[in-house]
Amino acid sequence: VFRASGAGGQHVNTTESAVRITHIPTGITAAIQDERSQHKNKAKAMKLVSARVNEKRREEEARERGDARNSLMGGGNRSERIRTYNYPQDRITDHRCKHSEH
């Protein structure tokens with residue numbers, strides 16, 4: 001809790017209505033001094049911090065899902081071949097499991 005700054009004359013000097021909230025595990029901070037009421041500022045700050053924490057968690061989950069998906073799938077390059085058909089020698093080679101069939 002600290003004093004708000006900006007316009008407001010003497011009222012700003014006497015009222016401690018500004019609020020700064022920190023989410024300790026992530027270090028995300030929100031400082032609000034919009035309203036004249038400390039309770040309203042605190043409610044706004046809590047809503048803002050929870051939204052930021054949820055957004056960060058969602059981004060991390062999406063990134064983890066993307067990494068898992070990329071590790072499962074190949075890059076789609078032409079060099080990542082799946083099978084080779086060698087007709088003159090009557091041979092098929094599957095490069096995914098390194099199995100040759102004559």
Side-chain angles (χ1 to χ4, degrees):
V1 179
F2 56 100
R3 286 199 179 125
S5 62
Q10 287 180 335
H11 182 74
V12 174
N13 300 333
T14 60
T15 312
E16 295 186 347
S17 61
V19 176
R20 184 184 300 123
I21 294 181
T22 304
H23 185 253
I24 294 173
T26 57
I28 293 175
T29 340
I32 303 286
Q33 59 183 26
D34 298 345
E35 307 288 333
R36 283 190 164 192
S37 162
Q38 181 182 340
H39 299 292
K40 289 181 183 176
N41 282 336
K42 188 174 183 181
K44 271 188 170 182
M46 287 295 279
K47 194 180 285 188
L48 186 63
V49 165
S50 68
R52 287 180 182 170
V53 168
N54 288 336
E55 179 66 26
K56 185 174 183 178
R57 183 176 45 82
R58 234 186 331 265
E59 284 177 3
E60 287 176 3
E61 287 175 358
R63 185 169 30 84
E64 287 173 8
R65 273 198 307 271
D67 292 345
R69 190 181 305 120
N70 288 340
S71 69
L72 290 174
M73 291 177 52
N77 297 335
R78 287 181 61 191
S79 62
E80 291 183 23
R81 68 176 65 123
I82 296 171
R83 272 185 219 101
T84 301
Y85 297 94
N86 191 331
Y87 292 112
Q89 296 177 8
D90 194 27
R91 184 175 65 215
I92 301 171
T93 305
D94 193 333
H95 298 283
R96 296 172 296 184
C97 60
K98 297 176 179 60
H99 175 74
S100 288
E101 209 171 289
H102 295 282

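As a basis for the values below, the full set of heavy atoms in this structure was taken, side chains included, without hydrogen atoms, waters or symmetry mates. Just so it is clear, the model here is predicted, and its values are computed rather than measured.
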Under 3.5 Å donor-acceptor pairs involving side-chain atoms of residues 47-55, not counting sequence neighbours:
residue: Ser50; atom: OG; partner: Met46; partner atom: O; Å: 3.3
residue: Ser50; atom: OG; partner: Lys47; partner atom: O; Å: 2.9
residue: Arg52; atom: NH1; partner: Thr29; partner atom: O; Å: 2.5
residue: Asn54; atom: OD1; partner: Arg57; partner atom: NH2; Å: 3.2
residue: Asn54; atom: ND2; partner: Ser50; partner atom: O; Å: 3.3
residue: Glu55; atom: OE1; partner: Arg58; partner atom: NH2; Å: 3.4

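Formation of a donor-acceptor pair under 3.5 Å by the Asn41 side chain with backbone atoms of Glu35 is found in this model. Not a single donor-acceptor pair under 3.5 Å links the side chain of Asn86 to the backbone N or O of Arg91.
Atom OG of Ser100 and atom NE2 of His95 lie 8.0 Å apart (nearest 0.5 Å). Here the straight-line distance linking atom OG of Ser17 with atom CG of Asp34 works out to 9.5 Å at 0.5 Å rounding.
Under the 4.5 Å side-chain criterion, counting only non-hydrogen atoms from C-beta, Lys40 is not in contact with Lys44.
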Practice task
Apply side-chain contact (heavy atoms from CB on, under 4.5 Å) to the pair Thr22 and Ile28, showing each step before the final yes or no.
Solution key: CA-CA 6 Å; Thr22 304; Ile28 293 175; over 6 Å; no
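The other members of the hydrophobic cluster of Ile92, by chain and number, are Tyr85, Tyr87 (side-chain heavy atoms under 4.5 Å, ILVMFWY only).
Scanning all heavy atoms of the two residues, the minimum distance from Ala30 to Ala45 falls at CB-O, 4.0 Å. In terms of heavy atoms, Arg83 sits closest to Arg96 at NH2-NH2, 3.2 Å.
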